[in-house]
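Before any comments, here is the structure.
Note that the structure is predicted; figures quoted are calculated from it, not measured. In the text below, chain A, chain B and the rest are named by the order of the sequence lines, each starting its count at 1.
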Amino acid sequence: MAVRFISEVKRTHTCGELSAKDIGKEVVLFGWVHNRRDHGGAVFIDLRDREGLTQVVFEPGISKETHELAGSLRLEYCVGIQGKVVSRGHQVNPKLKTGEIEVRATELTIFNRSEPTPFPIEDRIDTSEEKRLQYRYLDLRRAPLQRSIIARSRANQITRTYLTEHGFLELETPFMGKYTPGGARNFLVPSRLNPGKFYALAESPQLYKQLFMVSGFDRYFQIVRCFRDEDLRLDRQPEFTQIDLEMSFVSQEDVFAVIEGLIQRLWKELLGVDVPIPFPRMDYDESMARYGNDKPDLRFGLEHVVLTDLIARHGEAGGVPLMYEAVKNKGIVKAMVIPADKPLSRAETDKLEEYVKGMGAAGLGRAKVNESGEWTQSPFSKTITPALRTAINEAVKAKPGDLILFQFGREAMVHTVMANLRVHLAKKLGLIPEYGSGGVWKFLWVVNPPLFEYDEDAKAWVAAHHAFTRPHDDSLPYLESDPGRVKCWRYDVVLNGFELGGGSIRLHDPKVQAQVFRALGISDEEARNKFGFLLDALKYGAPPHGGIALGMDRLVMLLTGAESLRDVVAFPKTQKGTDLMTGAPGEVDERQLREVYVKSTPPAK
RNA sequence: GGGGAGUUAGUUCAGCUGGUUAGAACGCCGGCCUGUCACGCCGGAGGUCAGGGGUUCAAGUCCCCUACUCCUCGCCA
C-alpha cells in the first residue's frame, strides 16, 4: 500500500533545511537524485532541490520493497521520499548544511526517470559552454547558476521595494516603437498591417520615460528589457535588462543619492556588505588620462602617465623620433610602470606585445630602469637624451628595476590599448582575480564628460550620449565655436572596471536644444522628423528632469561573482546571438514573409 | 569587418618528430557489497578524431577551406 505522493502526501520540507533539531520528525521530500552510493545492503542517495542536499538512506530492514526500488535509482531521477529524520551520530558530513542528519526512508516513488545527462550536474563547471547552452535546463540545475538566478530574483524584489518606498511609480513602456537614428542598431519588426513599414524594438525606454516626466508622473522606474543589435561580449547580450528610472525637479546629486541608496541596500541585503556612500566622483578627463577609459577599475594601481606634453617640449632633440612623430601628428604618448617587485620575463613582455598588437597597436615600447636611472632592454635607450630620460623617469616615478611600458599614436588607440593592458597586467600580476570582486568593491561616479565626440569617418560632431543631454551652463558659449569643449550633465556609475549604468540630466530648454542640433548639423526639419514628438512635448511646460539606467544583468554578475553575463541570464544567447537550445534565430517560410511584405536576401555563400 | 584561442568516447582530457588495433578518468551497462558521502571491488559496451578538400606509401597528427564555441578591436552604454 504505497503512499500517494503529491495528491495525498505533501512535501513537508526542502532538501536544505533539516537539521539536528528535526530528529524524530516524519518528513516528505521531493527532489532529484544528486548522487547515489549503493552498498547492496544500505543504499544512500543525496537528494537535491534548489535549497540544498539531504542524505536519504534505504535499508532492507526498514522496508524491503522500498530498498529494492532504491536500487534502481540513477542520477537525476526525480523522486519523492517519506521517512524519519535520524541523527548521523558521529558520522556527520561537515560539507553539508544538513550533514548532521539523514532521512531513513520508508517510502519512495519515482516521478520520472532520467537518461544519463550529457554532462554531470555538479558545482564545478568543466563542460563546454556550447553543451551547457544546448541543455540549458540541465545547466540551470547546477547550484552556482541556481544561486545567481535566485539572487537576481531577490535583486528585482529589493529594487522594486526600495524605489517604491522612494516615491517611484513602476510604469511600462512599449517595446515596439518607431525607429530613431543614432545610438545602437535596432532589431526591426515588420508590420503586417502596414505594408513596408517596421517597428524598432526599443534599445531603451529613453524617450518614453522623458514623456512620463512631461506628463507629470514625477518619478518613474521600470525593470525593463532592452534590445540592441550589436556585437556581443562577455558582458553584453542582445536583449538585456535595465533598472531604468527618471525623476523630475532634480539635480545630478539627487539622482546619485537615489542610486547610491539602492546599491547600498542591494549589497547589504544580498551580500551583507556595507558599501560606503557617497561614492567618489572623478572627472571624465581624469579617468581617460589615468586609466584610458571611462570605467576604471580602482582596485589596483598601474595608472597611466600622459607624456604628450613632455615629449612635445623636448621635441626632436629628445632623441625618441617615434614618439615625437606621434605627438606631431596630434597623437598622444602614455606610459605605465610595472614595479620591480613584479618582474616580467623577456618572453612575457614579448607576449604582451602580441597582445597589444591584437588591439591595433604598432608595438609595445619598453624600458627597464637600472640603478643609475639608465634604460636597458629598450629600443629608445641608444638615442634618448639623458635629459628626457630623467624627465620621463621622474614623471612616471620610476625606481630601479621597474619596467616602463609605452604606447603612442592615435589618441583613441593609445587609450584603448593602455586601458586593456592595465587590466590584463593586473590579472597577470595577481593584483585582481581573473573574475569576481575578490571581496573589494570600488564604486565610482565618472562625471563631466564632453557632450560631443568628433566622428573621424563622418567628419562631424556627434552626440556622445544622446542629443538630449543638458550641457553645463558655463559651456554654452562653446556650443557653436568649439563643440569639443562642451561638458555636460552626464554620469556613469562604475564598479570594478564595469560600467554599471549611466544617465544624464536632460535638456528641457528648447533654445539650447536648437543650438545642440545646430552643432550636430541637424536641421530643424530633420530634428522635427526624427524627434518631433519629444520636441513638441518639451514645449508644453516640461519639467526639468533627469535619470539613469543600471544594467541589471551586469549588476547581478558582479554581485554574484559570475564569470560571464551569460551565467546570470537564464536563457542567454551565444556570441553570434543564437540560442543553442531553441535554434533561434531560425528560418521562416515564404508565406510568412509574404504576409509581412518582406523579401529575404541572405548573402551568397 | 579585423585579430586570437579552441573542436578527439556521453563528459573532461592525453595522444611526441606522420607509422600496427586511438588511450585514461568520470559517467553508462552487468555482477558483488549494510555506513557511504569523490563509496569500494570485478567485468563490459562505447569513437564520422567538427565537416570538406589536399600533401603522403601512410594523416587524429602537416597544409587549405568551411562550420560552430569562446576572448577581443571596431561597434555598443
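An OP1 or OP2 oxygen of B:U72 is reached within less than 4.0 angstrom by no side-chain nitrogen or oxygen of A:Thr416. Proximity of A:Arg566 to the phosphate of B:C71: a side-chain N or O atom is located under 4.0 Å from OP1 or OP2. Remark: A:Gln55 is not in phosphate contact with B:U36, judged by side-chain N or O atoms under 4.0 Å from OP1 or OP2.
Under the rule for a ring pair (Phe, Tyr, Trp, His ring centres under 6.0 Å), the partners of A:Tyr454 that lie at least two apart in sequence or sit in another chain are A:Trp461. With sequence neighbours excluded, the residues satisfying ring pair (Phe, Tyr, Trp, His ring centres under 6.0 Å) with A:Phe256 are A:Trp445, A:Tyr491. Under the rule for a ring pair (Phe, Tyr, Trp, His ring centres under 6.0 Å), the partners of A:Phe44 that lie at least two apart in sequence or sit in another chain are A:His39. For the ring pair (Phe, Tyr, Trp, His ring centres under 6.0 Å) test, no residue two or more places apart in sequence or in another chain qualifies with A:Phe452. For A:Asn420, there are no side-chain hydrogen bond (donor to acceptor under 3.5 Å, both in side chains) partners at least two apart in sequence or on another chain. With sequence neighbours excluded, the residues that form a side-chain contact (heavy atoms from CB on, under 4.5 Å) with A:Glu68 are A:Lys64.
For B:C76, the base has no donor-acceptor partner in the side chain of A:Arg228 [N/O atoms by modelled type, under 3.5 angstrom]. Taking only distance into account, the side chain of A:Arg233 meets the base of B:G74 through a donor-acceptor pair shorter than 3.5 Å. Between the side chain of A:Gln91 and the base of B:U36, no donor-acceptor pair under 3.5 Å is found.
Among residue pairs with one or both ends in residues 568-583 of chain A, those qualifying as salt bridge (Lys or Arg N to Asp or Glu O under 4.0 Å) are A:Glu239-A:Lys573; sequence neighbours excluded. Identified under the salt bridge (Lys or Arg N to Asp or Glu O under 4.0 Å) test for residues 421-436 of chain A, with sequence neighbours left out: A:Glu348-A:Lys428.
For the residue pair A:Lys334/A:His304, the side-chain donor-acceptor check at 3.5 Å is satisfied. Using modelled atom types and a 3.5 Å distance limit, the side chains of A:Gln55 and A:Glu102 yield a donor-acceptor pair. A:Ser63 and A:Glu107 are not linked by any side-chain donor-acceptor pair at a separation below 3.5 angstrom, with hydrogens and angles left out of the test.
For the pair A:Gly503 and A:Thr574, nearest-nucleotide mapping onto RNA chain B gives the more 5' position to A:Thr574. Along RNA chain B, the nucleotide closest to A:Val92 and the one closest to A:Gly41 are compared, and the more 5′ of them pairs with A:Gly41.
Of the residues in residues 47-54 of chain A, none has a non-hydrogen atom less than 4.0 angstrom from any atom of RNA chain B. Less than 4.0 Å separates RNA chain B from at least one heavy atom of each of the following residues of residues 419-428 of chain A: A:Asn420.
No contact: A:Arg132 has no heavy atom under 4.0 Å from any strand. At a threshold of 4.0 angstrom between heavy atoms, the contacts of A:Ser564 with the nucleic acid are absent. Among the heavy atoms of the strands lying under 4.0 Å from A:Leu580 are primed sugar atoms or P, OP1, OP2 only; no base atom is included.
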task: List the protein contact pattern of nucleotides 4-10 of chain B with one symbol per nucleotide (5' to 3'): B for base contact, S for sugar-phosphate-only contact, - for none; contact means a heavy-atom distance under 4.0 Å.
output: ------S
query: How would nucleotides 38-46 of chain B be written as a contact map, 5' to 3', with B for base contact, S for sugar-phosphate-only contact and - for no contact, using protein heavy atoms under 4.0 Å?
result: SB-------
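When the nucleotides B:C70, B:U11, B:C76 are ranked by their closest atom to the side chain of A:Thr127, B:U11 comes out on top.
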